[in-house]
Amino acid sequence: KYHFANREARMSACALKTLDGRNLHGALDPRCLDGMVEMAKRFDDGGEGEDAETAYRQILAASPDDPLLLYRMGRLFARRGEHSAALPWLRRSLELEPEGDNAWMWLARSQQAIGDTNAALGAWGKLLALRPADQEARQASARLRIAALQPQHATATPFLSVPQGMFLRP
């Protein structure tokens, strides 16, 4: 039986006995992580973000360099709109697994959401290198490039200013 946040779930347990009789000092048993990952995914897919975050954090404490879990944690934050919080998780995931196309997609979305246009363009470019037919990446990249070409503060200025009270004849 394991406890994640405020929900209990029953799973097949791994009995553990150490040679010296000591426990794992509050850490999860690495041999049981697969079942816990499945539970965390169910929380995530079911929209239970707080429980999923708690579960992912507990699992990552036992397995800190799992690129898939790091990606899922970043995606969880990005889905909530916490894009700045998502970036370190997604970046670390991509350090460990540079071919992670979904991680590139969520990284690009988050960078675009916080206004980091150059980084977002780079991430969309990486995604297009991995998935050349990705329509979202093509469209987002094109929109960012067009926006970069337009002046930031375009103001309309008349070609000819005529003093007040003066009239022009054709």
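Small disclaimer: the values here were computed from a predicted structure and weren't measured. Count residues from 1 along the sequence.
Taking a cutoff of 4.0 Å between a charged side-chain nitrogen and a carboxylate oxygen, Asp101 and Lys126 do not qualify as a salt bridge. One finds no salt bridge joining Glu53 and Arg72 here, because no Lys/Arg side-chain nitrogen approaches an Asp/Glu carboxylate oxygen to under 4.0 Å. Ionic pairing of Arg42 and Glu48 is not present here: no N-O contact between side-chain nitrogen and carboxylate oxygen is shorter than 4.0 angstrom.
Of all non-hydrogen atoms in Trp89 and Leu60, the two that sit nearest each other are CZ3-CD1, 3.6 Å. Arg138 and Pro132 make their closest contact through NH2-O, 2.7 Å (heavy atoms, listed as atom of the first residue, atom of the second, distance). Nearest approach of Ala86 to Gly74, heavy atoms of both residues: CB-O, 3.2 Å. Shortest non-hydrogen contact noted between Ala120 and Leu144 is CB-CD1, 3.8 Å. Across all their heavy atoms, Ile59 and Ala40 have their closest contact at CD1-CB, 4.0 Å.
Side chain of Ser110 to backbone of Trp106: a donor-acceptor contact under 3.5 angstrom is found.
No side-chain heavy atom of Gln112 sits under 4.5 Å from any side-chain heavy atom of Thr117. When side chains are defined from C-beta on, Arg57 counts as touching Met73, because their heavy atoms get closer than 4.5 Å. Within the 4.5 Å cutoff, side-chain heavy atoms of Ile114 are placed close to those of Leu87. A 4.5 Å side-chain heavy-atom check between Asn102 and Arg131 finds at least one atom pair inside the cut-off. Within the 4.5 Å cutoff, no side-chain heavy atoms of Gln111 are placed close to those of Asn118.
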